[in-house]
Amino acid sequence: MIAFVSGPVAALAPATAVIEVGGVGMALQCTPQTLAGLRVGQEARLATSLVVREDSLTLYGFADDDERQVFELLQTASGVGPRLAQAMLATHSPDALRLAVSTGDEKALTAVSGIGKKGAQKLLLELKDRLGAPVGAHIGQQGTGTPVTSGWRDQLQAALIGLGYASREAEEAVTAVAPQAEAAVAEGAAPPVPQLLRAALQTLNRAR
């Protein structure tokens, strides 16, 4: 198993990062939050999880070992594959997921794209004894199931700048997709950062 990769960031895309390791570029599937912390040309160390399928080998990258561990534990639940597990971590931090599961917060799970009410209920039952209790001291102050995307503007802008766009371009793109984020908040859901990033990129491509 590849536990982590370390090296300069060779390239960034909306869902992937390429890390140069010993002259080889390794493509890692990452959440927007992880990508936002990377810069092309700078050194990076990402915890990884290798998913093996009959027709593919996919390497997933994470900001730390805790995120990687939760990613793997989520997949022990029936019906949860690597893509859904990554979507859950794109919407909630590891501790927010632990809190949601430990308190039976169905609403927090349905905020994840691809999880409906019945799916959330099933996941709460299956994951209750697997994820454990929140480990962050700040969780108690955040409220039940507080999403990692509470600072979605900063995350989105940092991700766009990391992809090579100028600060002004990134700011304009974030403003353009703000109504989508506000609509999600109005419905009691977390702003869907991955979808917002795609929408922001489409806005930038049209502008060019």
Side-chain angles (χ1 to χ4, degrees), residues 1-77 80-98 112-114 130-132 135-136 147-149 151-152 154-167 169-170 173-174 192-202 204-205:
M1 175 182 175
I2 302 174
F4 70 90
V5 298
S6 179
V9 179
L12 293 171
T16 61
V18 178
I19 308 295
E20 185 179 342
V21 182
V24 177
M26 303 193 74
L28 284 72
Q29 298 288 318
C30 303
T31 64
Q33 296 93 309
T34 298
L35 291 170
L38 303 176
R39 296 291 182 273
V40 174
Q42 294 185 4
E43 291 288 322
R45 183 185 187 279
L46 297 179
T48 59
S49 179
L50 181 63
V51 176
V52 180
R53 295 287 185 266
E54 289 185 4
D55 57 349
S56 66
L57 294 173
T58 307
L59 199 59
Y60 289 81
F62 308 93
D64 53 41
D65 291 334
D66 183 41
E67 192 175 33
R68 187 261 310 280
Q69 182 181 21
V70 171
F71 172 79
E72 293 175 346
L73 286 172
L74 290 172
Q75 292 177 73
T76 64
V80 178
R83 290 189 178 182
L84 182 56
Q86 189 180 49
M88 293 171 75
L89 285 166
T91 305
H92 298 289
S93 68
D95 260 356
L97 282 172
R98 292 189 184 100
V112 179
S113 177
R130 301 181 191 180
L131 291 186
V135 297
V148 72
T149 48
W152 69 269
D154 291 339
Q155 292 176 19
L156 197 56
Q157 187 160 351
L160 291 170
I161 292 173
L163 289 171
Y165 290 97
S167 296
E169 289 180 306
V174 170
V193 176
Q195 292 94 319
L196 291 173
L197 179 58
R198 286 194 290 271
L201 288 170
Q202 290 174 355
L204 288 164
N205 289 335

(message) Nearest 0.5 Å, please: how far is CD in Gln75 from CE in Met88?
(response) 10.5 Å
(message) Using 0.5 Å steps for rounding, measure from the CG atom of Leu46 to the CD1 atom of Ile2.
(response) 12.5 Å
(message) Quick one: does any side-chain atom of Arg83 pair with a main-chain N or O of Val80 as donor and acceptor, under 3.5 Å?
(response) no
(message) Using a 3.5 Å distance criterion without hydrogens, assess whether the side chain of Thr91 forms a donor-acceptor pair with backbone atoms of Ala87.
(response) yes
(message) Filter on salt bridge (Lys or Arg N to Asp or Glu O under 4.0 Å), then keep only pairs touching residues 41-65, sequence neighbours left out; what's left?
(response) Asp65-Arg68
(request) Mind checking side chain to side chain donor-acceptor pair (under 3.5 Å) for Gln69 and listing every partner two or more places apart, or none if nothing turns up? (result) none
Identify every side-chain donor-acceptor pair in residues 3-31 under 3.5 Å, counting partners at least two apart or on other chains, and give the distances.
unit_1 : atom_1 : unit_2 : atom_2 : d
Thr31  : OG1    : Thr34  : N      : 3.3
Thr31  : OG1    : Thr34  : OG1    : 3.2

(request) Decide yes or no for Leu50 and Val52: does some side-chain heavy atom of the first lie under 4.5 Å from some side-chain heavy atom of the second? (result) yes
(message) Go through it in stages, so that I can follow the logic: the residues are Arg98 and Val70, the test is side chain to side chain contact (heavy atoms under 4.5 Å, CB included), and I'd like the CA-CA distance, side-chain angles, deciding distance and then a yes or no.
(response) CA-CA 9 Å; Arg98 292 189 184 100; Val70 171; 3.5 Å; yes
(message) Checking Tyr60 now: which residues fulfil ring-ring contact (aromatic ring centres under 6.0 Å, His included) with it, not counting sequence neighbours?
(response) Phe71
(message) Suppose the criterion is ring pair (Phe, Tyr, Trp, His ring centres under 6.0 Å): which pairs have a residue in residues 10-49, not counting sequence neighbours?
(response) none
(request) Apply side chain to side chain contact (heavy atoms under 4.5 Å, CB included) to Leu74 and Leu131, showing your working. (result) CA-CA 8 Å; Leu74 290 172; Leu131 291 186; 4.2 Å; yes
